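Below: one structure, written as structure tokens.
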Number of protein chains: 2
Amino acid sequence: MATIRDVAKEAGVSVATVSRVLNETGYVHADTRKRVTEAMKNLNYSPNEVARSLYKKKSKLIGLLLPDITNPFFPQLARGVEDELQKDGYRILFGNSDENAEKELDYLNTFIQNNVVGIISATNNKSKTNYDGLSIPVVFLDRTSSDYPSVYADGKEGGRIAAEEIVKRGSKRITLLKGPAHIQPAQDRFQGALEELSRSDIDFHVMSTTSFAFEDAVKWAKELFSMYPDTDGVLASNDIVATAILHEALRLGKAIPKDIQIIGFDDIPQSSLLFPSLSTIRQPAYEMGKEAAQLLIKLINKQSVHQQHIQMPVTFIERHTTRKVDTNG
Amino acid sequence: MATIRDVAKEAGVSVATVSRVLNETGYVHADTRKRVTEAMKNLNYSPNEVARSLYKKKSKLIGLLLPDITNPFFPQLARGVEDELQKDGYRILFGNSDENAEKELDYLNTFIQNNVVGIISATNNKSKTNYDGLSIPVVFLDRTSSDYPSVYADGKEGGRIAAEEIVKRGSKRITLLKGPAHIQPAQDRFQGALEELSRSDIDFHVMSTTSFAFEDAVKWAKELFSMYPDTDGVLASNDIVATAILHEALRLGKAIPKDIQIIGFDDIPQSSLLFPSLSTIRQPAYEMGKEAAQLLIKLINKQSVHQQHIQMPVTFIERHTTRKVDTNG
DNA sequence: TTTAAATGTGTAAACGGTTACATACAAGAA
DNA sequence: TTCTTGTATGTAACCGTTTACACATTTAAA
């Protein structure tokens, strides 16, 4: 690898001059610039980002921390983040935390040690204290925070809409699935649905679940139908869980949506590919990723940001696990 | 951030001594070590990886280049890579190439400029020349190469098995989908299936496709059933395409697997969640990621590697888009 | 006792950039 | 003419580590 000194020698100038043409700062004579540019080309020179980063105490790297890229909701987020950051020349240092505080802290440390210039975190771990005292901007994604900038979907409203839609479509004995207690977005959507159902004159049960893993969800699905066999509507905590419910209902020979309606949450890509395709509350994951990235870039550039907390709209996606609404109703 | 000099001053020693306790190199008196360790703790010191990287000309970073994390096959790969690398303290610099040569080159450059110590690439772009002349180890994932170490599934055998299984289960008029020409793994599985079908006395059509996007796949699915309405078996180029075929078949009121059998490729997580669940050829994506990471680490450590080309086994996953094999046959 | 080897520590030069500061010349203003 | 300002370039310090080398003191061997 050629260094700036090699280029300087080749062009017969000092390193300062090379640096000036590199960064387009200060004065450089047109002829000199040309000589330097050619020397760079000859030597196939490309500046060492590490040396730059050391002196400037800032890199072109940002840290992205996700709970688990294997969960189909997150690749969309990640892609939104990347597409947006890439435009400004930022690169991503990436890690999965598994919602494990130790892993999270570990990644945060290496982010800092590598001079990242900003962090986007979609973890849901309580210990936000991990982020206190950081001297670089952090934006939380898929998570609310009063202390830090954040981008999240309106989970409560989503839960409300789901409840409203399923009631509107005639379910009378609803089971409401309450997601993991430590995942705030799951609790928001649960609250929204709970409030809306309480307001209605519908019978409903609440069933607690503790993870979003499909294998676990299958167990809850079986439990649900054995405990509440006459359930005719399920509000699932996310699309993974909804898929498990759908499977179990089909296995039991229930007609969908005639005997039982199901509404999921997230609108992960596979939801439209199920059969019957899943009605769900859509979170605009890709756009959320982009928003978070844009917000972070503004923060990095110390531009003023009108809104530190960006709430994204949530929409009901009507597919085939819900009935057509009775317009005569 | 405290520097090594701060620690040295606090402990009343030179920076060299601090560095020695940090790296456990050279001689350090037990008492001195204790003083230094305490100073580090007091100052909450943690070494600057950038400075380290600059001097040593190597970081603890590796570059991971994927075509598109949004394609459900890749998160598994990525997770396997990460879980394995993380054990040895490596961190991931991540990028999506979209099978675009320019983007790929761009990422490769920034990987190098950031002193990554190895690269894992799952791109399928022809221009392997991008990797020539790199002074760090590269391993190709989900892609064969004679010139570089690689980890890939036995696509040809997979194609062969798929053909064998669908024939064994009684399909008589098979449509074989040929994936994008520039994606080598797609061509391997196509070749394997083609050879096996040619060997049999079964009628079959070949239909070309040019991407793995679901939206495109839907169009081909419609085309397939209009051109070859009597097809009773489809060998899809991957699970996404198989899903589209499945959808269209269901839409047309075909009974599955009675009227038509479908076999996919990859075994992405959602394939078991479809209804009917998809029979497919499984590639062990997570394990492939792990293997690639292990191989890369060995290469980085200049350990001898017995096998530079690791071919992973592929298995037929029998689910519900194929009939039970006729054991009286 | 002398000498070699092992132990313990410090000084300063890298690593490859950026930039503050110094210097020099040319052009225009006073 | 002298002064100021703009243009052009170079020197060297700095960013936070690691490490070659030097030096001093112990310990062990001869």
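Labels below follow one simple rule: chain letters A, B, ... track the order of the sequence lines, proteins then strands, and each chain is numbered from 1. Owing to the predicted nature of the structure, the values given are computational and were not obtained by experimental measurement.
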Over 12 foreign heavy atoms within 6.0 Å of NZ, A:K103: yes
Quick one: what's the B/S/- string for nucleotides 9-16 of chain D, heavy-atom cutoff under 4.0 Å, read 5' to 3'? BBBB-BBB
Sequence neighbours left out, what passes salt bridge (charged side-chain N to carboxylate O under 4.0 Å, His left out) with B:R52? Give chain and number order. B:E49
Could you check whether any side-chain N or O of [X] sits under 3.5 Å from a backbone N or O of [Y], counting only pairs where one atom can act as donor and the other as acceptor?
X: A:D6; Y: A:A2; answer: no
X: B:D106; Y: B:E102; answer: no
X: A:E82; Y: A:I92; answer: no

Do the two ring centres, one from A:Y107 and one from A:F94, sit under 6.0 Å apart? no
Any salt bridge between B:D83 and B:R79, counting N to O under 4.0 Å?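 So B:D83 pairs with B:R79 through a salt bridge.
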What are the bounds, 5' to 3', of the part of DNA chain C that sits under 4.0 Å from heavy atoms of chain B? C:dA6 to C:dG16
Between CG on residue B:L66 and CG on residue B:L141, distance to nearest 0.5 Å: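 Interatomic distance, B:L66 CG to B:L141 CG, rounded to 0.5 Å: 8.0 Å.
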Rounded off to whole Å, could you give me the CG-to-C1' distance for the B:D6 and D:dT17 pair?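 Computing the B:D6:CG to D:dT17:C1' distance gives 13 Å.
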